[in-house]
Amino acid sequence: MFSKLLIANRGEIACRVIRTARDLGIRTVAVFSDADAGAMHVALADEAVHIGPAPAAESYLDQQAILAAAARSGAVAIHPGYGFLSENAEFAEACAASGITFVGPPADAMRAMGAKDAAKRLMEAAGVPVVPGYHGEAQDPGLLGREAERIGYPVLIKAVAGGGGRGMRRVDSADEFQTALAAAQREAKAAFGDDRVLVERYLAKPRHIEIQIFADSHGNVVHLFERDCTIQRRHQKVIEEAPAPGMPPAMRERMGEAAVRAAKAVGYVGAGTVEFIADAEGGLSEDGFFFIEMNTRLQVEHPVTEMITGLDLVEWQLRVAAGDRLPLQQAALTITGHALEARLYAENPAGGKFLPSTGQLRQLRLPAGDVGHVRVDTGVRPGDAVSMFYDPMIAKLIVHGADRDQARYRLRAALEAVRVAGPVTNAGFLRAIVDHPAFAAADLDTGFIDRHLEALLPQSGAASDDKLLALAATGVLCARKTSARKQADASGDPYSPWDATSGWRLNGIGRETLGFLLAGTLREVGVIHAPGGMRLVLPSCEDAHGVQVSGSLDDGELVAEIDGQRLTAGFDVSEGRVTVMLAGDAFVIALHDPMQAAELEEGGTGDVTAPMPGKLVSVRIAKGDSVRKGDPLAVLEAMKMEHTLIAPADGVIAAVHYAQGDQVEEGVTIIAFEAAE
């Protein structure tokens with residue numbers, strides 16, 4: 001086994017590899033950029049080496065910097081994690097040339113499976129079923145359009161070198177094809193440096209099912225069963241599970257055999273995933289699946305396989321890379337129970353936009369791990385920041401149950417235990433998926449989220465608003481009391497009445513009003529400091545005396561009793577905003593300052609601002625151009641995805657403040673827009 005291992009990655013996967021290496025007695029070396037100097041993976045490792053500035057291209061993708069870090073630290077092996085250099089054949093060869101073991105497949109196998117078109121031709125020759133389509137070398141737009149007509153609409157355009165949904169577009173008609181092709185090629189070029197695409201038939205009710213395979217250098221290849229990754233948004237996986245619901249045993253066996261043939265066809269060694277698309281129109285069947293691609297690395301969703309098999313796949317990777325035989329053969333591998341994984345991201349689902357949300361994690365509380373039932377993989381801690389430079393994943397919540405229903409209930413409970421203040425998260429959205437009747441019934445296909453989006457997005461109602469306002473008001477009053485107590489204790493007179501927050505009045509009852517901006521609407525809560533205790537007059541209260549409340553706030557934990565009902569919530573107040581964290585959801589409410597009301601009422605100027613930090617990859621207009629409402633003005637790339645900025649109204653462009661290629665911060669004015677009279 002290796003004496004020292006360098007992990008050429010960051011975040012939760014770096015932490016996850018470090019833990020297994022530690023269990024095996026291997027010393028670990030972390031690498032870090034300027035942005036990650038205080039990161040969790042750096043703290044966990046035995047050693048850490050700085051490799052460059054924050055942008056990944058200048059640090060985690062800098063092969064020479066990583067190889068230099070390995071040489072400097074004396075590491076004899078490099079684990080690439082996933083993403084970054086994990087599927088880079090040149091890096092694998094550079095490791096070998098430097099006398100360092102690359103914990104991954106041979107470079108030739110990566111090249112064989114790295115180009116989707118060539119991989120599909122190879123799989124056809126190996127007897128692995130593939131989706132009907134065009135996988136040729138010629139890339140003339142006219143030819144591709146004719147091939148799409150031959151295949152029959154709808155079709156799917158996919159980047160040859162792609163992954164994670166980048167460079168992928170569904171096209172429903174010939175009129176849309178050339179526009180979609182240009183967008184897919186541009187995105188593919190930016191993400192992978194390769195704008196080649198293939199065109200395939202689009203299945204009406206597809207299920208995304210993948211097979212985990214493992215191979216050693218002694219000719220042994222096994223599969224570790226399937227994972228169902230059907231719940232996706234923009235071709236990015238959201239919730240994964242194993243085994244696949246409703247899969248017949250004969251189909252599992254046939255898919256496993258096909259995946260093993262695929263691995264053997266390229267002389268594979270190590271961990272890999274063979275991805276298939278299954279036609280679920282009439283239910284899963286043993287002849288209704290097709291090869292998509294092979295990921296020549298460990299997958300983000302590998303924990304669900306670990307949960308149902310009881311194996312440590314990173315340990316298998318390290319043992320195989322060290323030249324050992326596979327620990328188990330196919331006959332010894334079995335499935336126990338059911339596992340689900342949800343990806344907790346710093347992103348705002350509001351309006352279905354799912355914009356990345358960056359900033360400091362002022363509070364972060366994740367469910368407690370329960371060995372065998374609940375597992376949390378994360379690479380951040382309270383106080384860390386979600387950066388604009390990297391993937392905004394906060395954690396992966398993985399659960400196991402005796403069956404799918406039990407696993408689903410456990411995942412729901414895990415999501416309800418999430419408390420995050422700072423960046424907005426998708427925890428409530430994930431819980432809504434888990435709760436949806438169609439998900440519970442395993443009525444799944446890759447269009448699940450788009451089809452049920454309205455039901456999955458957060459809803460607002462008067463009753464829930466009142467409960468939220470009551471918690472917000474109670475939390476503000478408790479926070480005020482705590483602050484005053486600290487101030488009094490630090491003063492020369494800790495019993496001074498000037499530090500009291502009880503609302504005491506001579507010969508009277510203290511009253512005040514707290515204002516909150518909820519969904520853009522001012523909602524006022526009356527506070528009555530009566531001798532018998534505090535009362536709140538909520539917007540829907542018919543009784544002018546309000547409801548009795550009491551509460552305590554300790555280390556971000558708010559315990560409130562409101563009209564006889566006891567509620568526990570996470571609470572944070574910072575920079576004029578209150579965050580109430582309840583059952584996994586985080587509600588951000590602005591505190592209303594009457595002194596600033598006039599300024600708030602002035603409204604916007606019509607300018608187009610950056611909804612998130614990112615890079616302008618396209619600017620389509622110039623000063624003086626006339627535009628109509630909804631016209632695309634620019635394309636902003638953030639968190640590996642493109643976002644089109646559109647005109648909010650008819651008018652004329654007054655100024656364009658940034659150019660293509662510029663990096664912009666959230667909230668800056670990109671385009672000054674004069675609304676038409």
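For clarity, every value in this text was computed on a predicted model and none was experimentally measured.
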task = Apply side-chain contact (heavy atoms from CB on, under 4.5 Å) to the pair Val197 and Met168, showing each step before the final yes or no.
result = CA-CA 9 Å; Val197 299; Met168 185 182 295; over 6 Å; no
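- Rounded to the nearest 0.5 Å, atoms CD1 (Ile211) and CE (Met294) are 11.5 Å apart.
- The line from CZ of Arg166 to CD of Glu187 is 8.0 Å long, rounded to the nearest 0.5 Å.
- Checking side-chain atoms of Asp195 against main-chain N and O of Gly167 turns up no donor-acceptor pair under 3.5 Å.
- Listed by chain and residue number, nothing satisfies the salt bridge (Lys or Arg N to Asp or Glu O under 4.0 Å) test with Asp62 (two or more places apart in sequence, or in another chain).
- No donor-acceptor distance shorter than 3.5 angstrom exists from the side chain of Asp36 to the backbone of Ser33, with no hydrogens or angles considered.
- Judged by distance alone, with hydrogens and angles left aside, the side-chain atoms of His452 form no donor-acceptor pair with the main-chain N or O of Glu454 at under 3.5 Å.
- Remark: aromatic rings of Phe448 and His436 are close, center separation under 6.0 Å.
- For the atom pair CG of Leu198 and CD of Glu137, the computed distance is 11.0 Å after rounding to the nearest 0.5 Å.
- Scanning for ring-ring contact (aromatic ring centres under 6.0 Å, His included) contacts around Phe84 gives Tyr60, with sequence neighbours left out.
- Using a 3.5 Å distance cut-off with no hydrogens or angles, the side chains of Thr296 and Glu87 do pair a donor with an acceptor.
- Formation of a donor-acceptor pair under 3.5 Å by the Gln663 side chain with backbone atoms of Gly614 is found in this model.
- Distance check: Ile292 CD1 to Ile277 CD1 gives 4.0 Å after rounding to the nearest 0.5 Å.
- Within a 6.0 Å radius of CZ in Arg201, other residues, nucleotides and ligands contribute 12 heavy atoms or fewer.
- Between Glu200 and Lys120 a salt bridge is recorded (basic side-chain N to carboxylate O distance below 4.0 Å).
- Checking side-chain atoms of Arg121 against main-chain N and O of His135 turns up a donor-acceptor pair under 3.5 Å.
- Tyr658 pairs by the ring-ring contact (aromatic ring centres under 6.0 Å, His included) definition with nothing, not counting sequence neighbours.
- Applying the 6.0 Å contact sphere to CD of Glu665 captures no more than 12 heavy atoms from other residues, nucleotides or ligands.
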inquiry  = As a quick check of understanding, evaluate side-chain contact (heavy atoms from CB on, under 4.5 Å) for Glu90 and Arg111, giving each step before the final call.
reply    = CA-CA 9 Å; Glu90 289 73 23; Arg111 288 195 177 95; 3.5 Å; yes
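- Checked by atom type and distance alone, the side chain of Asn9 pairs as donor or acceptor with a backbone atom of Pro80 at under 3.5 Å.
- Under the 4.0 Å criterion applied to side-chain N and carboxylate O atoms, Glu275 and Lys158 are not assigned as salt-bridge partners.
- Proximity of the aromatic rings of Tyr345 and Phe354 is defined here by a centroid distance below 6.0 angstrom, and this criterion is not met.
- Results of the side chain to side chain contact (heavy atoms under 4.5 Å, CB included) test with Cys229 over Glu341, Glu301, Gln236, Arg207 single out Glu301 as the only residue that passes.
- Ion pairing of Arg146 with Glu149 is absent here, as no side-chain N (NZ or NE/NH1/NH2) approaches a carboxylate O to less than 4.0 Å.
- A pairwise comparison of heavy atoms in Arg620 and Ser618 identifies CG-OG, 3.6 Å as the closest pair.
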inquiry  = Using side-chain contact (heavy atoms from CB on, under 4.5 Å), reason through His302 and Arg16 one step at a time and then give a plain yes or no.
reply    = CA-CA 11 Å; His302 75 274; Arg16 189 260 172 278; 2.9 Å; yes
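- Between the side chains of Asp175 and Ser173, not a single donor N or O lies within less than 3.5 Å of an accepting N or O.
- Of the inter-residue distances, the one linking Leu457 atom CG with Asn426 atom CG reads 11.5 Å to the nearest 0.5 angstrom.
- Closest heavy-atom contact between Asp572 and Ala421: CB-CB, 3.7 Å.
- Under the 3.5 Å distance criterion, the side-chain polar atoms of Ser86 are matched with a main-chain donor or acceptor of Gly83.
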inquiry  = Pair Phe177, Val199 - check side-chain contact (heavy atoms from CB on, under 4.5 Å), show working.
reply    = CA-CA 11 Å; Phe177 185 82; Val199 184; 4.3 Å; yes
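- Distance check, rounded to the nearest 0.5 Å: CZ of Phe102 to CG of Leu85 gives 8.0 Å.
- Of the possible polar contacts, one joining the Thr230 side chain to the His208 backbone as a donor-acceptor pair under 3.5 Å is found.
- A donor-acceptor pair under 3.5 Å is formed between the side chain of Asp384 and the backbone N or O of Arg381.
- Arg227 and Glu210 are joined by a salt bridge, as a carboxylate oxygen and a charged side-chain nitrogen come within less than 4.0 angstrom of each other.
- With no hydrogens or angles considered, a side-chain donor-acceptor pair links Arg297 and Gln299 at under 3.5 Å.
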